[in-house]
Amino acid sequence: MPSPTTAARRARTRPAGVPSPWQMFFTEFLKHPVMVGSIVPSSDKLIRKMLGRVDWDNTKVFVEYGPGVGTFCRPILDRMAPDATLIVIDTNPDFIRYLRHTITDPRFSAVLGSAADVEKIVADHGFESADYVLSGLPFSTLPPGVGPAIAAGTHSVLRSGGAFLVYQFSPKVKDFLTPHFESIDHDMEWWNVPPAQLYWAWKD
Ligand SMILES: C[S@@+](CC[C@H](N)C(=O)[O-])C[C@H]1O[C@@H](n2cnc3c(N)ncnc32)[C@H](O)[C@@H]1O
């Protein structure tokens, strides 16, 4: 039986009947293994390393592709300015419904759609460009043509000096980035299941 303090904390973060992020993620992985592409959410270490290079003082529009259960959303909102906006895009309606139910921050917008439509989605929110775009998409298992379309659309929507932040299990994802981005930094995070390749592709 959880202590009254634990129960109160859970109630604050998750209404009764709403599954935990881990339960939700695993359920969706069983339903759509190819589209979800991972059996567990990203680790805290991966999140800290990936977001460590963001210039938060100059971030007004942050976009995330494939937020899943929102593993990155909360750390991004914690770092973002009060007048900034986080737009997340996912093709899975269950994840979008879950995010809208569990994250009520006014700076947060969860869109049901494809990352390939990022330019239209950002414009629909009233913005001309994005400062940063983060992707946890399983690039190598996306339908043919979708990966290149997402890379091209992302380069186009970013402001000069902004960056495309990509974490992926296979280094092959770099092949999608190099046609558009000249300056690409790389690192690895071993403390993740499985270990991940991290890329920061800068738009000059
Ligand atoms: C590996 S999971 C995300 C993991 C999550 N970001 C994390 O850090 O734990 C990949 C996500 O990409 C979404 N997805 C797949 N194809 C997509 C597309 N074309 N546009 C947007 N989201 C997509 C899936 O529904 C899934 O939520």
Side-chain angles (χ1 to χ4, degrees), residues 19-52 54 62-79 86-103 108-122 124-125 130 132-157 164-173 176-177 188-200:
S20 77
W22 279 67
Q23 283 169 325
M24 182 71 192
F25 198 92
F26 188 61
T27 306
E28 292 304 311
F29 173 76
L30 293 180
K31 283 201 263 178
H32 316 280
V34 174
M35 289 306 265
V36 174
S38 166
I39 199 162
V40 290
S42 300
S43 72
D44 288 348
K45 286 198 174 206
L46 185 148
I47 293 169
R48 275 200 297 275
K49 196 178 270 187
M50 191 87 261
L51 297 181
V54 174
F62 197 110
V63 177
E64 182 186 3
Y65 301 155
V69 292
T71 322
F72 266 93
C73 299
R74 292 168 187 85
I76 292 168
L77 288 166
D78 287 346
R79 290 162 172 78
L86 169 60
I87 303 168
V88 304
I89 307 168
D90 205 298
T91 47
N92 183 327
D94 293 333
F95 280 147
I96 292 297
R97 205 173 309 117
Y98 184 82
L99 290 170
R100 288 178 181 159
H101 207 74
T102 54
I103 302 181
F108 180 71
S109 174
V111 177
L112 176 61
S114 171
D117 298 321
V118 64
E119 290 171 271
K120 180 178 182 319
I121 292 167
V122 167
D124 286 349
H125 282 74
Y132 292 90
V133 177
L134 168 71
S135 169
L137 299 178
F139 262 88
S140 45
T141 58
L142 291 174
V146 175
I150 290 173
T154 305
H155 183 266
S156 170
V157 84
F164 190 18
L165 281 47
V166 179
Y167 57 97
Q168 186 83 99
F169 312 128
S170 160
K172 283 193 176 150
V173 70
F176 291 95
L177 304 177
M188 268 211 78
E189 180 50 61
W190 294 96
W191 196 259
N192 194 66
V193 182
Q197 310 284 335
L198 277 58
Y199 296 95
W200 294 261

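Whatever order the structure lists them in is the order used to number ligands and atoms, beginning at 1.
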>> For ligand 1, which is the ligand I care about here, please tell me if Tyr65 has any N or O atom under 3.5 Å from one of the ligand's N or O atoms.
In response: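 No: no nitrogen or oxygen of Tyr65 is under 3.5 Å from one in ligand 1.
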> Should Gly66 be counted as touching ligand 1, given the test is an N or O pair under 3.5 Å?
Replying inline: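 The answer is yes, given that Gly66 and ligand 1 share an N or O pair closer than 3.5 Å.
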> What residues, two or more places apart in sequence or in another chain, satisfy side-chain contact (heavy atoms from CB on, under 4.5 Å) together with Asp117?
Replying inline: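 Scan of Asp117 (side-chain contact (heavy atoms from CB on, under 4.5 Å), adjacent residues dropped) gives Ser114, Ile121.
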>> Checking Leu77 now: which residues fulfil side-chain contact (heavy atoms from CB on, under 4.5 Å) with it, not counting sequence neighbours?
In response: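 side-chain contact (heavy atoms from CB on, under 4.5 Å) list for Leu77, sorted by chain: Met80, Leu86, Ile103, Asp105, Arg107, Phe108.
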> What are the two closest heavy atoms between Val111 and Ile87, and how far apart are they?
Replying inline: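 Smallest heavy-atom distance, with atoms named: CG2-CG2, 4.1 Å.
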> Minimum heavy-atom separation for Ser42 to Ile47, with atom names?
Replying inline: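 The answer is O-CD1, 4.2 Å.
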Could you measure the distance from the [atom1] atom of [X] to the [atom2] atom of [Y]? Nearest 0.5 Å is fine.
{"X": "Asp44", "Y": "Trp191", "atom1": "CG", "atom2": "CH2", "value": "11.0 Å"}
{"X": "Phe95", "Y": "Ile89", "atom1": "CZ", "atom2": "CD1", "value": "15.5 Å"}
{"X": "Ser43", "Y": "Lys49", "atom1": "OG", "atom2": "NZ", "value": "9.5 Å"}
{"X": "Leu198", "Y": "Met188", "atom1": "CG", "atom2": "CE", "value": "8.5 Å"}

> Is Lys120 salt-bridged to Asp124, cutoff N-O under 4.0 Å?
Replying inline: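 Counted as a salt bridge, because a side-chain N and a carboxylate O are separated by less than 4.0 Å.
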Counting from 1, what ligand 1 atoms have a heavy atom of [X] closer than 4.0 Å?
{"X": "Gly68", "value": "27 (O)"}
{"X": "Pro41", "value": "9 (O)"}
{"X": "Gly136", "value": "1 (C), 10 (C)"}
{"X": "Glu64", "value": "6 (N)"}
{"X": "Phe72", "value": "8 (O)"}
{"X": "Ile89", "value": "21 (C), 22 (N)"}
{"X": "Asn92", "value": "25 (O)"}
{"X": "Leu142", "value": "16 (N)"}

> Is the ring centre of Phe62 less than 6.0 Å from the ring centre of Phe72?
Replying inline: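 Centroid separation for Phe62 and Phe72: 6.0 Å or greater.
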For ligand 1, the portion of [X] having any non-hydrogen atom under 4.0 Å away:
{"X": "Asp90", "value": "both"}
{"X": "Pro67", "value": "backbone"}
{"X": "His32", "value": "neither"}
{"X": "Phe139", "value": "neither"}

> Which is closest to atom 22 (N) of ligand 1 in terms of heavy atoms, Leu99, Leu137, Val111, Ile150?
Replying inline: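 Minimum heavy-atom distance to atom 22 (N) of ligand 1 goes to Leu137.
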> Can you tell which of Leu134, Thr91, Leu46 gets a heavy atom nearest to atom 17 (C) of ligand 1?
Replying inline: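 It is Thr91 whose heavy atom sits nearest to atom 17 (C) of ligand 1.
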